Amino acid sequence: MRARFAWLALSSTVLIGAKAPADFAFVGCPIVRDTKSVPCWLAEYRGELYYIGIQTDVSAEFSPPSLGHKVLVEGRISDEPRICGGVVIKPVKVSVMEERAEDCNLLLPAEDRYDLPFEPPRPPGPSAGRLAFTYAPPPPAPTPPFKPRSFDIHYDFNGTVGFSTPRFLQPVLKYAREVNASKIEITGLRGATQLDDGSLLIEHDYIAEKRAHQIADLLKGVGVTRPHYVINAHINYEIGDWKVRRVTVVVSP
Amino acid sequence: MSISVATIQKRWKDTGGKDPIFAAIDGQNCPHLPSGDPASHSLLLKRGLFRIFLPWPPKAPDGSRIDPEFTLEVVRDPTGCNTHPEYGLNSANPTISVYRRPRPIINMKYPTQDRFGAGEFVGKTGMPASRDPDTNRPVSMNLMSDARHPTLKMQAIDAAMNHLQYAGKPTDEQIARIVAFEKQIYGAQVWRKGAGSLIEKDGPTSFGPRALAAGEEGVLGNNTSRWVFPMGDAWKTPQKKEEAEMRASIRRGHDIFTFRTFWIRDSMHLNTVGLGNPTKRTCATCHGMHMTGMDSANGWMDLGTTNLPWAKETPRNPWTKEQPEMPLFRVTCKAGVPPHPYLGRVFYTQDPGRALISGKCNDVGTIVMQQFRGLAARAPYFSNGSAASIRELIDFYDRRYNIQFSDEEKLDLENFLSSL
């Protein structure tokens, strides 16, 4: 009988340096500053404040970090005026570091001089009956002849499945069902971030394997049990920006 | 619908402790204790708590063993059940006993809705949602405090087999009749001292059981078209003198519930879902389901009601006779899984909550929200009965999130909540 499940650890792959690193990355304490509308989020690094985003809701691309933990900030320094007193990082990706950091605990009160230069898409109270952001419409249903299609699912640093994973997994699920997939190949990867201070921040050595297996479990858990699953994981890490932290799923008809 | 500790105490007095709710299996602190002795039933008589006994490690719906992400150690066992050779964690059938309030069997179309927030994946964790085994459709998982059963039918079977110790399995017809009975019950406050009738023609549009029967389920409340608890224009015009003050207070309480912002912090499955930690929001953020104030998404969350340091615990001293009532467990998240983001790798809980089903470290102490209707009739509150009154419930939130409610705000909120 053909194995329905295969597991392969790719220990010899050499992917280091495959993508350009983020322009600016650091690990620092997040700071939340109240405003008369929604809070804005900052991060402190080497005596400078950086603006990284505002509180909105679950639909936002930006998820604010957490006091009590350090934050990894990856992005580019923008030349636009400061927001909430911070140098603007845009685009920006933030990851909450796993371990507790009790000294990262600064909540600043609102000050009139720190007003948001834009209207927040959602107030701090109840919404107006919708989420702050809308997602792009799904692509049209595929038509025969169906082809293998590849999808990327991205992660926070050392991240695994979380509240936002289904948003990226739904297209995989949809395509697998539409083409009645016979094979799904899942490859987990782990990343490393070159920090501004010269150090290299590397994800857990087990994280690629864990990510790959979790995605397989999620797909099977929602009923995609027909395909033959091939699960790979890269043991070596890839240096780059947040996009290197990913699982690639190839769905074959 | 539900049962208050006052009703339980009356039933004890009326029946001499012979009523079936005092059964050894779940109406005693542990079955090995002598029946009929109030001390054997102390958690039920004092806090309205029934014993919930679950296999440890947990089992998946298909019966397979779940390898939990954490270890459990019994630190304190005042009921004797978790260390008992027959009923405890080291027995032949390793079992954990926790103690919980029953949830109200009213307005069931809301907690069992399959619209907003009910999808293939759990909105807060990304994990696959439970499914109705009869239809294979995902469910909202808002029925039980640990979401262990997906439907009223499954819950009824479980209750018959475990709580009732039914010999055999109930028939399909019996279960169908139980479910049909549950689905027809609507409950809410209809009268309140000081405010009079809450269900007058021009009264608040969400008040009273008829409003719930007519209301739309599966709707996320908002502040433009479908408020969590719609009030309409009720009581804005001059009211009868003897009712005016209380009715105005209830309206103010509604506005506090809906608009009073505070910093919500370190709450698992709320501060981890893209809102930031802390997030500046309102009561209605989490309690957002139209008409019930439940969570519209799959709703288990850790407010700190069972996890230390926020759970009700009295520091010991040699001059008082007060003894701890609840069991206490030490939780250690295993290597290879992230530590709990707010409590670290080792922490303490009175009830691991959803984690007894999922085995997930970050589910420890998370409890599914329950509806806010008929609250005044079913004290005490929280899953472990740790708030004896609605005021104590409000005080817990005030301490937990440093809300700094004024006395008047607390009173208004109390009046509002006790009118639902």
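First the proteins, then the strands, lettered A, B, ... as listed; each starts at 1. This is a predicted model, so every value here is computed, not measured.
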**Message:** Using 0.5 Å steps for rounding, measure from the CZ atom of R100(A) to the CZ atom of R345(B).
**Reply:** 13.5 Å

**Asked** Going from CG on L270(B) to CZ on F163(A), what distance comes out if it is rounded to the nearest 0.5 angstrom?
**Response** 11.5 Å

**Request:** Name the region of Q170(A), side chain, backbone, both or neither, that has any atom closer than 4.5 Å to a heavy atom of chain B.
**Result:** side chain

**Prompt:** Taking P124(A) as the fixed residue, which of T261(B), T285(B), T282(B), T279(B) is the one that meets the side-chain contact (heavy atoms from CB on, under 4.5 Å) rule?
**Reply:** T261(B)

Less than 4.5 Å apart, any side-chain heavy atom of [X] and any of [Y]?
{"X": "L275(B)", "Y": "P64(A)", "value": "no"}
{"X": "P166(A)", "Y": "E120(B)", "value": "no"}
{"X": "V161(A)", "Y": "M127(B)", "value": "yes"}

Please determine whether the number of non-hydrogen atoms from other residues, nucleotides or ligands lying under 6.0 Å from atom [atom1] of [X] exceeds 12.
{"X": "E61(A)", "atom1": "CD", "value": "no"}
{"X": "K334(B)", "atom1": "NZ", "value": "yes"}
{"X": "R177(A)", "atom1": "CZ", "value": "yes"}
{"X": "D134(B)", "atom1": "CG", "value": "yes"}

Heavy-atom closest contact ([X] atom, [Y] atom, distance):
{"X": "G274(B)", "Y": "S63(A)", "value": "CA-OG, 3.5 Å"}
{"X": "V337(B)", "Y": "Y206(A)", "value": "N-OH, 4.5 Å"}
{"X": "R281(B)", "Y": "D57(A)", "value": "NH2-CB, 3.6 Å"}
{"X": "P278(B)", "Y": "W41(A)", "value": "O-CZ2, 3.4 Å"}

Could you tell me which of [options] has the largest number of non-hydrogen atom pairs under 4.5 Å with chain B?
{"options": "V58(A), L219(A), L67(A), N158(A)", "result": "L67(A)"}
{"options": "T160(A), L107(A), T165(A), L173(A)", "result": "L107(A)"}
{"options": "G125(A), P39(A), S66(A), G53(A)", "result": "S66(A)"}

Interface residue of largest heavy-atom contact number with chain A, from [options], under 4.5 Å:
{"options": "L220(B), T224(B), N223(B)", "result": "N223(B)"}
{"options": "R131(B), R265(B), R226(B), K124(B)", "result": "R265(B)"}
{"options": "P138(B), G123(B), G119(B)", "result": "G123(B)"}

**Request:** Apply salt bridge (charged side-chain N to carboxylate O under 4.0 Å, His left out) to K210(A) and E69(B), showing your working.
**Result:** CA-CA 13 Å; K210(A) 185 168 184 174; E69(B) 293 180 348; 5.1 Å; no

**Asked** Checking P339(B) against chain A: side chain, backbone, both or neither under 4.5 Å from a heavy atom?
**Response** side chain

**Asked** Is it the side chain or the backbone of W227(B) that comes within 4.5 Å of chain A heavy atoms, both, or neither?
**Response** neither

